[in-house]
Structure formats: C-alpha cells, structure tokens
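Just so it is clear, the model here is predicted, and its values are computed rather than measured. As the structure lists them, so they are numbered: ligands from 1, and atoms in each ligand from 1.
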Amino acid sequence: MSYADFHRRSITDRDAFWAEQATLIDWHRPFTQVCDYSNPPFAKWFVGGQTNLCHNAVDRHVATRGAQNALIWVSTEVDKEVVYSFAELHAEVQRTAAMLLELGVKAGDRVLIYMPMIPEAVFAMLACTRIGALHSVVFGGFASVSLASRIDDAEPTVIVSADAGSRGGKVVAYKPLLDEAIRLAKHKPAKVLLVDRGLSPMERVAGRDVDYAPLRDRHMAAQVPCTWVESTHPSYTLYTSGTTGKPKGVQRDTGGYAVALAASMKHIFLGAPGETYFSTSDIGWVVGHSYIVYGPLIAGMATILYEGLPIRPDAGIWWSLVEKYKVTSMFSAPTAVRVLKKQDPAYLQKYDLSSLKALFLAGEPLDEPTAKWIAEAIGRPIVDNYWQTETGWPILTICNGVEPAPSKFGSPGKPVYGYDVKLIDENTGQELTGANQKGVVAIEGPLPPGCMQTVWRDDARFVNTYWKSIPGRLVYSTFDWGIRDEDGYFFILGRTDDVINVAGHRLGTREIEESISSHPAVAEVAVVGVADPLKGQVAMAFAVLKDPSKAATPADALKLEGEIMKTVDEQLGAVARPARVRFVTVLPKTRSGKLLRRAIQAVCEGRDPGDLTTIEDPSALQQVKDLIAQR
Ligand code: ATP
Ligand code: MG
C-alpha cells in the first residue's frame with residue numbers, strides 16, 4: 001500500500017485502521033469500541049479493553065525470547081556494563097513491584113521517580129505500570145524547587161530515588177536535593193525508596209527512608225502478576241520541557257499508548273523483535289519513556305540505557321556501542337549532534353555502523369548543516385521526526401516502514417498516519433490548504449492513540465490551552481509555526497511566539513537562525529524578536545562562535561557582526577537583518593537541550609524571564625543580561 005493511501009485510510013477509516021494496529025499488542029479482554037469521541041476534545045481509545053503496559057513490554061516476550069537481551073545498561077560514569085535478558089528483567093520488575101506493594105503502593109497511586117540513568121529506574125517504571133500505579137519521572141538533577149512543585153502536583157505515595165547521579169565524572173548528590181524538595185513540598189510521601197550506589201553518603205530519615213538492596217533481598221523470588229487495567233487507565237504523568245513557560249503535566253493512557261508505540265516501532269523506527277534500539281535521551285523526557293523503555297521492549301527489542309556524555313571517554317563512545325551491540329535503530333537529538341560536531345568525525349568513523357538502518361533525530365529543528373554533517377560522519381540514513389511530549393510519538397516524519405521515501409533537508413517529513421494535520425491562519429482562524437502558506441501546525445480531533453488524555457488533574461487547562469474551534473471542528477494547536485510545500489512536506493519555522501513582526505513582515509526566528517548559521521564562523525545562534533518603537537519588533541541575534549577568539553576585540557566583533565548581517569541580507573533580505581548580532585560562549589537552554597528564546601527575549605525587553613526551573617546553565621542567561629546592560 002502506498003503511504004498516501006495508508007495515511008488516508010487512518011483518517012477516513014479510522015476505527016478499522018486502529019483495530020488492525022491494536023493486534024500488535026496483547027489484550028487481556030478485547031475492546032468493544034475503537035474510539036469514543038462523544039465528548040470532544042477528550043478521546044477514549046479501545047474502550048472496554050483491558051491490558052497492561054508491563055505485560056506487553058516484558059511478560060509476553062519471556063516464553064519466546066526469555067534469554068535474549070532486553071535491557072543493556074552502559075555507564076561510562078561508573079564504568080559498568082550490565083545486560084538483562086527478558087527473563088532477568090521479568091524477575092527484577094517483579095521484585096521491584098513487590099517492594100512497591102510492601103511500601104503501600106496501590107493501583108491508581110502515583111510513584112515519583114527521581115533517578116539517574118540506572119536499571120533500577122527502568123525497573124521502577126515497569127513495576128508501576130505492572131501494578132496499575134502511575135509513574136511520574138522527574139529528570140534527575142532537577143533542583144529542589146522544580147522537584148517540590150512536581151511532588152505537590154503528583155502527590156506520590158512513594159518516591160524512588162538514589163544517592164547520586166554522575167555527569168562527566170562528577171558526582172551529583174540527589175539525596176540532599178530530594179530531602180530539601182520534600183521539606184518544601186506540601187505533600188509528604190509515605191516512603192522514600194533509595195538505591196545506594198555508593199557514590200555519595202546519605203542520611204536516612206527514620207520511618208520514611210527505605211534502602212533498596214535489603215528490601216530487594218527479601219523479594220528475590222517475588223511473583224507479582226500484572227494488574228489488568230482498562231485501556232483508558234492512566235499509565236503515567238510527565239512534564240513538558242518548559243521551553244515556552246510553566247511545564248504542563250501530560251497524562252497518558254495505557255492501551256492507546258501501547259498500540260501507538262507498537263505501531264510506530266514497525267512503521268517509523270524500522271524495529272523488529274530480537275534487534276537492538278539505542279535512544280540517547282534520558283528517562284526524564286518523553287523520548288526516554290517512549291523510545292528507551294516502552295517502545296523497544298513492546299516490540300521485543302533490546303534497548304540500551306546509557307549513563308554518560310556523548311564525548312567521554314571520547315566522541316566514539318556511542319558509535320562503539322552501535323558496533324558492539326549491533327544497534328539497528330538509533331534515536332538522538334540535534335543538540336547532541338551539535339556537541340559531536342565540535343569533534344573530529346574520525347571518532348565516529350572508527351566503528352562498523354553497518355547494522356544501523358537509520359539515525360532518528362527529534363526535539364528541535366534539524367538544520368541543514370547539522371543534518372549533512374552527521375549523515376556524512378556516519379554514512380547512514382538520517383530521519384528527522386517532529387513531535388511533542390503531549391503526543392508521545394511522532395506527528396511528522398517519513399514512515400519508511402510503510403513505504404520508503406526520500407527526506408528533504410530541513411523538513412521532518414509528512415503527517416504520520418493517525419494525525420490529521422492542518423495549517424491554520426493565525427489571523428483568520430481558517431485552514432490554509434494551498435502550498436507554501438505559513439500557518440500554525442494543528443491536528444484535527446480526535447488525537448490518535450497514545451497522545452495525552454488531558455492535563456493531569458486539570459481538564460480545563462487541557463481544553464483551554466490546546467484546543468481551538470475552526471468552523472465546524474476542533475483542532476489541537478501545537479504552537480509551532482510551519483509551512484507545507486507542493487509535495488506535502490512540512491517545514492517547522494519555529495514556535496508561534498517566536499514569530500517576529502518587523503514593520504509588518506512576519507518572520508520565523510528559525511529562518512533567520514538558519515541564515516546566520518550558514519556563516520562559517522558560527523556554531524550556534526538564537527534569534528529573538530525585541531519590541532521596537534519604530535518597527536514594532538526587531539530581530540536580535542546571540543551567536544556562539546566555533547572559535548571565540550574571532551570576536552576577541554570589540555573591533556573584531558563589529559567586523560564579524562557586519563559580515564553576518566550581510567549574509568542575512570543576501571539570503572533573506574534586509575528586512576530580516578538582525579538589529580544586533582552579539583557573541584556569547586553558551587546559549588541558555590533547557591536541560592532537554594532546547595533554546596530558551598522566551599527567556600532571552602524577556603531579558604532583552606527588561607522583563608522578568610519567568611519560570612526557569614528547567615534551565616541547564618543559569619550563567620548562560622547572565623551573559624545575555626550583561627550584554628544588554630552594556631548597550
Ligand atoms: P513547553 O511545551 O513546556 O514549552 P517544549 O515544547 O520544548 O516545552 P517538548 O514537548 O519537549 O516541550 O518539545 C516539543 C517541541 O519541540 C515541539 O513543539 C517543537 O517546537 C520542538 N520540536 C520537536 N521536534 C522537532 C523537530 N523535529 N523539528 C522542529 N521542532 C521540533
Ligand atoms: Mg510545547
């Protein structure tokens with residue numbers, strides 16, 4: 001079947017299409033209705049069906065592939081490598097489930113997981129879904145205030161944590177941060193389960209804190225059957241990255257999510273049972289949930305859990321794992337590729353990467369120079385994919401598993417099956433149907449299986465934040481701005497609040513950033529719109545140079561600034577020329593690697609930068625502040 005037909009059928013014959021995909025997972029009780037959209041925008045998938053995520057990820061593989069690799073843990077931080085077969089994973093998850101039960105966790109309870117990238121974190125996630133409890137994974141190393149707000153939102157019965165994480169060989173103690181967060185939070189967990197890695201001394205709170213190892217010892221032979229839950233039973237909550245403001249708590253279901261992931265492994269990620277998947281993300285992000293833990297395991301694949309940096313001991317580390325474990329599908333982010341790009345590609349080329357069907361990238365716009373560099377460095381196909389924490393799996397990509405098709409540089413591809421993607425004119429609210437028209441990327445309801453059910457405990461926020469009516473229907477807004485070319489490929493131009501209006505011309509910050517990045521001296525750049533009394537808004541650019549000494553003196557900086565402006569003039573026209581191009585050594589980003597443009601913009605306009613709980617390096621914003629103060 002052609003991809004166009006496959007996609008069309010997913011929209012026009014929705015229920016039959018998804019009923020077929022639903023056969024990719026095990027059901028304890030069959031569903032009676034594929035999709036209940038009687039109360040839009042809330043969609044219920046596979047109504048009446050009962051299943052379990054952990055069963056689909058682990059138990060169902062034990063009989064057929066029990067001895068095969070399931071979880072491969074590699075830590076370059078503590079120099080350890082441990083491989084768990086499906087049978088071993090099954091045993092560990094049952095032990096952890098028994099531990100959680102003993103600590104009082106019941107179906108429907110929340111368990112907050114604040115952990116480094118260690119196997120126990122994966123056991124804990126799977127143990128939760130096994131017993132019908134919801135996990136809420138909080139990125140390890142988040143500061144106490146961010147953690148406290150998530151504790152109050154999730155109100156967990158139990159928190160699972162560890163003494164410490166490690167980053168670049170430096171121990172990051174978690175326990176003091178956790179203790180402080182619990183002190184700050186209004187809600188107090190009944191128990192805190194602690195993995196002691198021997199990295200950092202821990203003080204235990206009597207009556208509350210429980211050590212993982214001795215408790216596990218008492219449950220070595222644990223047999224905890226999966227709790228069958230309704231397809232619509234929530235499996236977890238997870239926060240968005242906080243790039244545009246306060247993070248939103250996304251609530252996911254069980255059956256729809258399992259089906260969506262199983263289908264995506266086949267149609268998008270080219271995965272098959274017995275193969276190996278390597279996602280370089282973190283379990284604290286949606287990519288970690290969908291494509292480190294659940295997706296690969298549901299597909300009967302081994303998954304690599306990697307603790308460490310991409311360039312330590314050297315830039316060959318990830319690629320050595322591809323060779324060693326014959327990785328077939330790999331998933332990373334442009335931000336990680338930009339880190340590698342500063343290294344010699346010879347490191348990547350030392351290894352046999354022929355097992356790799358493709359490298360999938362998501363999370364941020366994949367600019368052409370970055371895409372070309374990594375494609376040449378590894379000599380394997382690169383597939384961009386565009387999605388959000390909210391959707392849980394790709395919205396736009398090339399579904400090479402359905403019908404192989406070429407990618408276009410700068411485009412994540414076409415609408416994925418199940419997604420009825422529209423472009424909406426921001427001013428009129430009407431759908432744009434022609435080619436090369438710019439609009440807001442939106443999805444007509446119902447959202448396909450696997451997408452968010454609601455905002456955790458806040459249905460009103462879900463409806464009011466995301467859903468808009470266009471004549472006769474409801475659409476979900478992605479808050480990203482895009483364009484569709486004559487071949488149906490989409491291009492993401494940036495976030496809707498990153499659109500700049502210069503003297504009546506609407507410009508995407510991404511267009512200007514791409515133009516500036518094409519200057520050979522520039523490694524990375526952020527462009528924001530700043531209020532201007534004459535023009536409405538002007539573009540301001542903050543660039544990181546490949547070689548900072550190129551702007552060492554004010555005269556050098558001014559010369560380079562002029563050159564970069566000329567590049568933009570030539571490529572986009574003078575209207576897009578930034579008012580200033582300033583040089584910094586690092587850009588403010590979220591811990592998931594996204595540019596915090598709204599914070600830069602606020603600083604430029606002398607406003608409060610807002611919620612910065614997910615910022616990676618606060619000194620990066622200080623550099624911008626200092627430059628603005630000098631003006
Ligand atoms: P918040 O919603 O809290 O402001 P966030 O949007 O950064 O944070 P995520 O869900 O982690 O949180 O990121 C999704 C966003 O990332 C998308 O809406 C889009 O802006 C961007 N994005 C993801 N993948 C791509 C891609 N392949 N190309 C372009 N942009 C992408
Ligand atoms: Mg978002």
Side-chain angles (χ1 to χ4, degrees), residues 137 139 142 146 149-150 237-250 252 268 281-291 331-337 359-368 370-371 374 382-398 407-416 419 421 440-443 451-452 455-456 461-462 465-466 476-483 489-499 508-511 513-514 588-599 601 609-616:
V137 182
F139 179 71
F142 260 158
S146 329
S149 72
R150 286 153 172 76
T237 65
L238 177 66
Y239 293 86
T240 59
S241 294
T243 311
T244 58
K246 194 171 180 292
K248 297 160 282 261
V250 166
R252 193 98 57 211
I268 300 173
S281 183
D282 190 284
I283 49 155
W285 312 125
V286 69
V287 179
H289 283 60
S290 294
Y291 298 113
F331 194 137
S332 193
T335 184
V337 175
L359 169 65
F360 300 90
L361 295 173
E364 269 187 294
L366 179 61
D367 57 282
E368 191 163 337
T370 303
I374 187 69
I382 306 299
V383 182
D384 190 2
N385 58 115
Y386 160 86
W387 46 297
Q388 309 182 302
T389 308
E390 289 88 340
T391 65
W393 61 287
I395 304 167
L396 299 171
T397 191
I398 302 291
S407 293
K408 285 193 189 187
F409 275 121
S411 164
K414 297 183 179 182
V416 169
Y419 291 95
V421 182
V440 181
V441 179
I443 304 161
C451 294
M452 75 190 293
V455 172
W456 170 246
R461 189 168 176 210
F462 174 62
T465 305
Y466 294 103
Y476 166 93
S477 174
T478 62
F479 296 100
D480 288 310
W481 213 47
I483 190 167
Y489 285 71
F490 279 70
F491 292 78
I492 300 295
L493 301 174
R495 316 233 180 196
T496 49
D497 45 3
D498 289 338
V499 175
T509 48
R510 180 177 175 200
E511 296 168 274
E513 286 169 0
E514 290 224 340
K589 290 189 176 179
T590 63
R591 285 172 185 263
S592 53
K594 290 157 195 281
L595 272 177
L596 279 163
R597 290 191 194 80
R598 51 122 181 147
Q601 183 188 41
D611 187 298
L612 289 178
T613 48
T614 65
I615 196 168
E616 164 84 48

Should Ser241 be counted as touching ligand 1, given the test is an N or O pair under 3.5 Å? yes
Under 4.0 Å from any heavy atom of Lys594, which atoms of ligand 1 are there? 7 (O), 9 (P), 11 (O), 13 (O), 14 (C), 15 (C), 16 (O)
Under a 4.0 Å heavy-atom limit, does Trp387 contact ligand 1 with its side chain, its backbone, both, or neither? backbone
Any donor-acceptor N/O pair, Thr614 side chain to Ser241 backbone, under 3.5 Å: yes
The side-chain contact (heavy atoms from CB on, under 4.5 Å) partners of Thr244 (sequence neighbours excluded) come to Lys248, Arg495, Asp497
If I apply the N/O under 3.5 Å rule, does Ala362 come out as touching ligand 1? no
Within the distance-only criterion (no hydrogens, no angle test), does the side chain of Asn385 pair as donor or acceptor with the backbone N or O of Leu361 below 3.5 angstrom? yes
List ligand 1 atoms under 4.0 Å from Asn385, heavy atoms only on the residue side. 24 (N), 26 (C), 27 (N)
Does ligand 1 come near enough to Arg495 that some N or O of the ligand is less than 3.5 Å from an N or O of the residue? yes
Member of Tyr386, Trp393, Tyr476 meeting the ring pair (Phe, Tyr, Trp, His ring centres under 6.0 Å) criterion with Tyr419: Trp393
Should you measure from each heavy atom of Asp384, which atoms of ligand 1 turn up under 4.0 Å away? 27 (N)
For Asp384, does its backbone N or O pair with a side-chain atom of Thr397 as donor and acceptor, under 3.5 Å? yes
With distance as the sole test, does Asp367 use its side chain to make a donor-acceptor pair with the main-chain N or O of Thr370 at under 3.5 Å? yes
Pair Tyr291 + Trp387: ring centers closer than 6.0 Å: yes
Would you mind listing which atoms of ligand 1 come within a distance below 4.0 Å of any non-hydrogen atom of Asp480? 17 (C), 18 (O), 19 (C), 20 (O)
Considering only protein heavy atoms, which is closest to atom 2 (O) of ligand 1, and at what distance to one decimal place? Lys248 NZ, 3.2 Å
Please verify the inter-ring angle class for Tyr466 with Phe462; under 30° counts as parallel, over 60° as perpendicular, anything in between as tilted. tilted
Starting from atom 9 (P) of ligand 1, find the nearest protein heavy-atom neighbour and note its residue, name and distance. Thr389 OG1, 3.4 Å
When you look at Arg597 and Glu513, which way does the salt bridge (charged side-chain N to carboxylate O under 4.0 Å, His left out) test go after all the steps? CA-CA 12 Å; Arg597 290 191 194 80; Glu513 286 169 0; 2.7 Å; yes
Please list the nearest protein heavy atom to atom 7 (O) of ligand 1 with its residue and the distance rounded to 0.1 Å. Thr243 OG1, 2.4 Å
Looking only at protein heavy atoms, identify the closest one to atom 29 (C) of ligand 1 and say how far it is in Å. Pro365 N, 3.2 Å
Can you tell me if Arg510 uses its side chain to pair, donor with acceptor, with the backbone of Val499 under 3.5 Å? no
Please write down residue, atom name and distance for the protein heavy atom closest to atom 21 (C) of ligand 1. Gly363 O, 3.6 Å
Within the 4.0 Å heavy-atom cut-off, what Glu364 brings close to ligand 1 is backbone
Using a plain distance cutoff, I'd like to know if Gly242 has any nitrogen or oxygen under 3.5 Å from a nitrogen or oxygen of ligand 1. yes
